[in-house]
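These notes are about the structure you will find just below.
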There are 2 protein chains.
Amino acid sequence: MTRNKELNQKIRDGRREQILSKALMLFAARGLSATKISDIAKAADISQGLLYHYFESKDEIFVELIKNGFDRLNGACRWLEDQDMTPKEKIVFALVELLKLLEQNEDAARYHLLIAQATASESIPDQARVIIEKENSYPYEAIERIIIEGQKDDLLKKADPKDLALVFWTTINGLAIYKAVHGKSFKAPDVSILTCMFTKG
Amino acid sequence: MTRNKELNQKIRDGRREQILSKALMLFAARGLSATKISDIAKAADISQGLLYHYFESKDEIFVELIKNGFDRLNGACRWLEDQDMTPKEKIVFALVELLKLLEQNEDAARYHLLIAQATASESIPDQARVIIEKENSYPYEAIERIIIEGQKDDLLKKADPKDLALVFWTTINGLAIYKAVHGKSFKAPDVSILTCMFTKG
DNA sequence: GTCTATATCCAGATAGAC
DNA sequence: GTCTATCTGGATATAGAC
């Protein structure tokens, strides 16, 4: 019996994943309120009624995706801070990996766009607002800490660390949005164009 | 009689401006489909019914704003190309002015956000799509031309001009979105952080 | 020109059959 | 678990009074 329960849960989770993945695509392409629940159901190849067996509402799907997005992003930031690299190496590594991710992974750009949209929009579910409020500053702070560290060692440029962290993320965001719009034809710029904003010499 | 007609037209245009200005604010804050026509009417301090004496539909308001946005942006690009400056001066000038504009002019950031939203979204009026299709690449091309020119003179960095133009605008876009979100508390980064991506030495 | 009231439509969510 | 049919609310747009 427990076997079956576990299996059922797996199937259930699989369905949820399938729905979430299609919803991410649609939300990123059209925004929350322009995406119809019927569109999501159609994309996931299930009836609209069935969708409500897996999620209570459109908002719940959206909130779930926002959670996922921050889990990935902030998880990656935490991981980066813990690595055994110099601050300069961390910044360069992060830029290289972020550009690679944007170019290769469709969902990565979509998550960036989703978070950008959600952060920029007043009309999102309250729960999403709460998560954003709580999680949104973390990436900026993490990069700022790394930059401050690197400035001590004289390996990174001596501009205001807050400014540098701001430019770091807004640049990545801008590129993510461009990619989300232009799709597969997007070719990431040479990373050296970006690294020169942060590194000396 | 002609007097009166002209005066009436002026009043009419004034009303339209008032509506457009409020609509810009709301579209930028919430997106097209999450903005209710009743919200726009309320913000413009007129009844919902009256709004339809000035615009046929919500879509028409949106299209008008997209037109305005590109008129400003592409007009500025054309103006920049015509100036009597070295390419390097043009790039630095553009960055300085864009950052100043973002910091000081609320509507400038809103127009950027509106265009970014619209470009990124599949669910916008067909007419808006047509305008975007036609106008969107112009700023990229203008900056690319300036950069190519500057590379000949050896005053600008020798990276791929397409990459540099891409980074130029996605960076500005990223900052505009950040500003549109964080409002008045936004302080633009030091421009030298950005100029170093393009200029030599 | 301006408002209030209303017709119409459509999307989110539910109910109930299989 | 899955579908079809339906309820309900709310938003766009219109009509008609002043």
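Between the side chains of A:D59 and A:S57, no donor N or O sits under 3.5 Å from an acceptor N or O. B:E141 and B:S137 share a side-chain donor-acceptor pair at under 3.5 Å.
If you take CD on A:E89 and CG on A:L80, they are separated by 11.0 Å, rounding to the nearest 0.5 Å. Atoms OG1 and CE, on A:T195 and B:M197 in that order, are 10.5 Å from each other to the nearest 0.5 Å.
Atom CD1 in B:I37 sits about 6 Å away from atom P in D:dT12, given to the nearest Å. As rounded to whole Å, 11 Å separates atom C1' of D:dG10 from atom CD of B:Q48. As rounded to whole Å, 18 Å separates atom P of D:dA13 from atom OH of B:Y54. Following rounding to the nearest Å, A:K58 (NZ) and D:dG9 (C1') show an atom-to-atom distance of 14 Å. When the P atom of D:dT6 is taken as reference, atom OH of A:Y52 falls 18 Å away, rounded to whole Å.
For the pair B:K100 and B:E97, the salt-bridge criterion is met [side-chain N within less than 4.0 Å of a carboxylate O].
When heavy atoms are screened at a 4.0 angstrom cut-off, B:F55 is found touching no nucleic acid atom at all.
Taking 4.0 Å as the cutoff to heavy atoms of chain B, we find the contact window on DNA chain C bounded by C:dG1 to C:dT4.
Both A:S33 and A:H53 sit near DNA chain C, but only A:S33 has its closest nucleotide nearer the 5' end. Map B:L50 and A:E56 each onto its nearest nucleotide of DNA chain C; the residue landing nearer the 5' end is B:L50.
Using a 30° and 60° split on the angle between ring planes, B:F27 and B:F62 fall in the perpendicular class, above 60°.
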